[in-house]
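To start, the structure under review is shown below, and the notes come after it.
Below, chains carry the letters A, B, ... as their sequence lines are ordered, and counting in each starts from 1. Hydrogens, waters and symmetry mates are skipped; everything else that's a heavy atom, side chains included, is used.
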Number of protein chains: 2
Amino acid sequence: MTLGHGRRATIRDVALAAGVSISTASNALNGQGRTNAETRDRVKRVAEEIGFRPNALARGLLSRRSHSIGIITNDTYGRLTLPMTAGVSEALVDHGVSVFLCATNNDPRLARLHLEALLDKQVDGIIFTATRLDLAPPVDLSSLPMPVVYAFAEGPDTSVSFVPDDSQGARLAVEHLLSLGHRRIMHITGPEDFVAVRRRAAAYRACLDGRGDKGEVMFGPWGEDWGHEAVRRMLARPEPRPDAIFCGSDETARGVIDALRDHGLSVPADIAVVGFDNWHVVAAQTRPALTTVDMGLKELGRRAGLAMLDLTQGKPVPLGIKALGCSLVVRKSCGAV
Amino acid sequence: MTLGHGRRATIRDVALAAGVSISTASNALNGQGRTNAETRDRVKRVAEEIGFRPNALARGLLSRRSHSIGIITNDTYGRLTLPMTAGVSEALVDHGVSVFLCATNNDPRLARLHLEALLDKQVDGIIFTATRLDLAPPVDLSSLPMPVVYAFAEGPDTSVSFVPDDSQGARLAVEHLLSLGHRRIMHITGPEDFVAVRRRAAAYRACLDGRGDKGEVMFGPWGEDWGHEAVRRMLARPEPRPDAIFCGSDETARGVIDALRDHGLSVPADIAVVGFDNWHVVAAQTRPALTTVDMGLKELGRRAGLAMLDLTQGKPVPLGIKALGCSLVVRKSCGAV
DNA sequence: TCCAGTAGATAAAAGGTTTTAGCATTTCGT
DNA sequence: ACGAAATGCTAAAACCTTTTATCTACTGGA
């Protein structure tokens, strides 16, 4: 900043200092129009010297692109949101696009407020994100004048959505257990009204069905307590005991492992356990550390960000719901190498 | 939207539909200048009908206030950031101010990129947030043309910072234990190079010092493992055992409680335990549920947001570091009612 | 009747940038 | 040497809103 006053340098200052008109300065800086190479370099040098950066407001006013997008989420405490947001942001920051984060707390009033602020600010697009796949946005997003992308949420068929492939993730877990020789595999998971829970359970059953095994699924509330309770019920029944448990969340898995230990059963020696989420605080601290399915949330956000980028640039993007593969993170709770 | 084309309604459309000039429309909508009451109402009604909302870009260009601020954080996985951001956002959304979230991952290149995007977008202010109090921003924030507020970080004396009152929080924990009759209170905490750790330890010592008790502090890495290890060391020593442990984090506390159980000691009957963070996943799931210190992160964010609001409106805000009180969340791990 | 004052409305400028159309000047081809 | 084409630059319009200064018409007072 070699400008005396606090004012930010404008292209006018550049033009003045370089002894050219504003249009020439603009052309030179953007490589548009016909410009003498010597002039172009001089303008660029001067711009650099006085620290000129174009005002995005003015630019956006004209180009109708604000280079910002909004993320609307219903999640305040962020186990899912923040990795996704980080992914989105990472995909976009190199293109000069910034991200407005709007936590609605599932409150329609708040959501409307946020949405109006976003519309006023002429965001180039909106990404909607939820804590569960089958949750509708707290405000109508179906007829906005800009593209909408759903991440970890399923939008209408005419929009673009990215979700983790729960079926494939569940298969990953079950096949891992099968490959280690386990044959009596149980599934302890969350409430059946979650679509993700139903998909994982269905995939689990399908995996076992090939072997003429119906399997057994216990639905319940999420959380560690449910893991304890489920183990209590399981052990109260007649033999044979399962030799492996596939859990619907890392928290449940932790509860299961703790409960098994309390009952004198060793993991993985007596019973192997697999989780779902790869939520680091939980999975890494479980004893033994948890083998679990990772949904790749950051990558999911990155994909959503890239899709949004294409949409704002008018490029074609395949519509519908795209399921992204999960990966298995092998730690100690299954006894694999 | 009664406008045929996808175009957003402008004030020009309002003026046309109401049969007045653009200036009159603007005056009527904003209650500026002299306007006939009848005209004013008609303009407002028309604006409502065609769904007019002023373009924030154009407005910002003129008023030099973009009604957006940036949050720069080095935290990607969000245990601290997201509650604070939610607080900031909550304080600002009612004033039409939106929040850009910039996760820098502590990478200076990324931080510079984000900062430049924010400056270009003419944000009205920047809030810096970190995962620990004594972490400098990965990019120089000292001479920006807009106000900077530090939340959960200590900025220079000439700026405005909000941090949790670690000393008071620690006192809360220790006095709770004292009030329950415990007399041999240990402190198991994080690495000594964290300023928050040193402050808590100092407050802990000061509390005991009045009773002629030096206390004992064990520093170590954060995390559950350290809790286990610390308990092992503690029990390996000659009697007398502590009758209470004040932990520097909930994770450590959970490790401590699990380890005590493994060694046949009961919490709270044999030893009481207090944590620090009130990180719900950890504190609520510990068995027994953890009594712990809550730093009020959301409130901290709210205060930072309000301060930013005042700053952008030119109101005076007291400079320096403001320590915000913590609160004690009583659960089961101390045996209090 | 004329003047001053006021109410109500508006034209124009400003904010910073990009783009279009157009103006000189030089170069090229014949 | 002359018209055509290319080169280098610029004025002005456009994006949308707010504000200032100005203009018109009317009211009331003398």
Exercise for review: Sugar-phosphate atoms are those with a prime plus P, OP1 and OP2; base atoms are the rest. Using that split, label each nucleotide of nucleotides 3-9 of chain D B, S or - for protein heavy atoms under 4.0 Å, 5' to 3'.
Suggested key: ----BBB
Review point. Between B:Ala17 and B:Val46, what is the shortest heavy-atom contact and its length?
Key: CB-CG1, 3.6 Å
Point to revise | For atom CD1 of A:Ile11 and atom C1' of D:dA12, their distance in whole Å | key: 15 Å
Review point. So do A:Asp124 and A:Met146 actually touch side chain to side chain, heavy atoms under 4.5 Å?
Key: no
Review point. Is atom CD of B:Gln313 surrounded by more than 12 heavy atoms (other residues, nucleotides or ligands) closer than 6.0 Å?
Key: yes
Check your understanding: B:Tyr150 vs B:Phe128 aromatic rings, parallel, tilted or perpendicular, using cut-offs 30° and 60°?
Key -> perpendicular
Check your understanding: Can you check the B:Gln32 CD to D:dA21 C1' distance for me, whole Å?
Key -> 16 Å
Practice item. Starting at atom CG of B:Leu62, determine the distance to atom P of D:dT17, rounded to an integer number of angstrom. Key: 11 Å
Point to revise | Distance, rounded to the nearest Å, where A:Leu16 contributes CG and D:dT10 contributes C1' | key: 15 Å
Practice item. Would you mind telling me which of A:Val149, A:Ile126, A:Leu92, A:Leu118 makes a side-chain contact (heavy atoms from CB on, under 4.5 Å) with A:Ile69? Key: A:Leu92
Check your understanding: Would B:Asn55 and A:Gln122 count as a side-chain contact (heavy atoms from CB on, under 4.5 Å) if you check the C-alpha gap in whole Å, the side-chain angles of each, and the deciding distance to 0.1 Å?
Key -> CA-CA 7 Å; B:Asn55 182 323; A:Gln122 317 286 117; 3.5 Å; yes
Review point. Strictly by modelled atom types, are A:Ser68 and A:Lys121 linked by a side-chain donor-acceptor pair under 3.5 Å?
Key: no
Revision key, fill the gap. In terms of heavy-atom contacts, A:Ile321 and A:Gly155 come closest through CD1-O, 4.3 Å
**Study point:** A:Val93 and B:His114, any side-chain heavy atoms less than 4.5 Å apart
**Key:** yes
Practice item. Could you check how far CZ of B:Arg53 sits from P of D:dC16, rounded to whole Å? Key: 17 Å
Exercise for review: Extract, from 5' to 3' on DNA chain C, the first and final nucleotides lying under 4.0 angstrom from some heavy atom of chain A.
Suggested key: C:dG16 to C:dG22
Review point. D:dT10 P sits how many Å from A:Arg12 CZ, rounded?
Key: 14 Å
Exercise for review: Write down the distance between CZ (B:Arg8) and P (D:dC16), rounded to a whole number of angstrom.
Suggested key: 10 Å
Check your understanding: Once you round to the nearest 0.5 Å, how far does CG of A:Asp94 lie from CG of B:Leu113?
Key -> 5.5 Å
Find every protein N or O atom lying less than 3.5 Å from an N or O atom of nucleotides 25-27 of chain D, and list the pairs.
none

Check your understanding: Regarding B:Thr73 and B:Thr81, is there a side-chain donor-to-acceptor distance under 3.5 Å anywhere?
Key -> yes
**Study point:** Sugar-phosphate, base or nothing in reach of A:Leu57, heavy atoms under 4.0 Å
**Key:** nothing
Exercise for review: Identify, between B:Ser23 and B:Arg59, the residue whose nearest nucleotide on DNA chain C lies closer to the 5' end.
Suggested key: B:Ser23
Review point. Just how far, in rounded Å, is C1' of D:dC16 from CG of B:Leu29?
Key: 13 Å
